[in-house]
Amino acid sequence: MAESANGSTATFDSTALGTVRDISWTENGNPIDVTDLGDTNHIFEVGITDIECTLTVVGGEDSAAAVGDSGTLAISWNDGSSESATMVCTNRETSGSLDSEITTNYTFKPSA
Amino acid sequence: MLDVIIDKLLADATVSGLVGDRVAPYAYQGDALPYITLTVISNGTINHLGGATDTYQARIQIDCFGDSYGQTQSVVDAVVAELNGLRDLATTPKIQMVHLDDIQDAIDAPRDGAAIPRFVTSVDFLVDYSTT
């Protein structure tokens, strides 16, 4: 089984998201504490899930995504697994520092 | 990339005024002093999950040889003045930036029959360049 992240890809609205350096897909169940006095341990139930995907690409802003753009964000991990959701780009941050490459971080969240 | 750096040094009047055309990846036995040799210490591309970009980040070492400390330092000063902060997108490959990273003095074995050693100063530069 291939476990290296190298070879993983990201597309937004069917367009490849350029030179992707880092991918992070987070699903947060927003746990609700439903513990009562009779419980030995804290007990939780899962609320409505939050999903967020952050990507880092090498270089400046990619033409494939801009803040406000909506579409299907699809991640194909190198081990064969995948993620997909209809998402909107909510944040872009481009940065560069001495003797390092320019990188752009994107944040995507689910959209209607 | 190293040939571009060599061309830059040879084209600089101060450098060539000191070492002539003795700027190369190697030196011949008996070469007149001072002279300069260049070595690529490390090199690699900026990579991403899907492959590699066309941008490289290299470390080169420029060894400046002389028959006195003062002569060697004159060559070092000329090399640093020419290369530190160099950016030239018209060359092939394109030089994005050259930065001085380290200077280290050393003493080399004396030439045959000489009473004193050769002086050598190693100057390290970080070179960012791209092939497109």
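Order of the sequence lines sets the chain letters (A, B, ...), proteins ahead of strands, with each chain counted from 1. Computed from heavy atoms alone, side chains included, the values below leave out hydrogens, waters and symmetry copies.
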Please say whether more than 12 non-hydrogen atoms of neighbouring residues, nucleotides or ligands are located less than 6.0 Å from CG in Leu89(B). yes
Per-residue contact mode, Ser100(A) against chain B (heavy atom under 4.5 angstrom): backbone
Counting only heavy atoms closer than 4.5 Å, note whether Val58(A) contacts chain B via side chain, backbone, both or neither. side chain
Between Ile6(B) and Ile60(B), is there shared hydrophobic-cluster membership here, with clusters defined by ILVMFWY side-chain heavy atoms closer than 4.5 Å? yes
Show your reasoning for whether side-chain contact (heavy atoms from CB on, under 4.5 Å) applies to His48(B) and Asn6(A). CA-CA 8 Å; His48(B) 53 88; Asn6(A) 294 335; over 6 Å; no
Verdict with reasoning, Glu101(A) to Thr55(B), per side-chain contact (heavy atoms from CB on, under 4.5 Å): CA-CA 9 Å; Glu101(A) 60 271 23; Thr55(B) 300; over 6 Å; no
With hydrophobic residues grouped by side-chain heavy-atom distances under 4.5 Å, do Phe125(B) and Leu38(B) end up in a single group? yes
Proximity breakdown for Gln96(B) and chain A, heavy-atom pairs closer than 4.5 Å: neither
With only heavy atoms counted, which part of Thr19(A) is less than 4.5 Å from chain B, the side chain, the backbone, both or neither? both
CG/Leu98(A) to NE2/His99(B) distance, rounded to the nearest 0.5 angstrom? 5.5 Å
Do Arg21(A) side-chain atoms and Leu49(B) backbone N/O form a donor-acceptor pair below 3.5 Å? no
Cluster overlap Ile46(B) with Ile23(A), hydrophobic side-chain contacts below 4.5 Å: no
So does Ile102(A) have more than 12 non-hydrogen atoms from other groups sitting under 6.0 Å from CD1? no
Quick one: do Leu86(B) and Val23(B) end up in the same hydrophobic cluster if we chain Ile, Leu, Val, Met, Phe, Trp and Tyr together by side-chain heavy atoms under 4.5 Å apart? yes
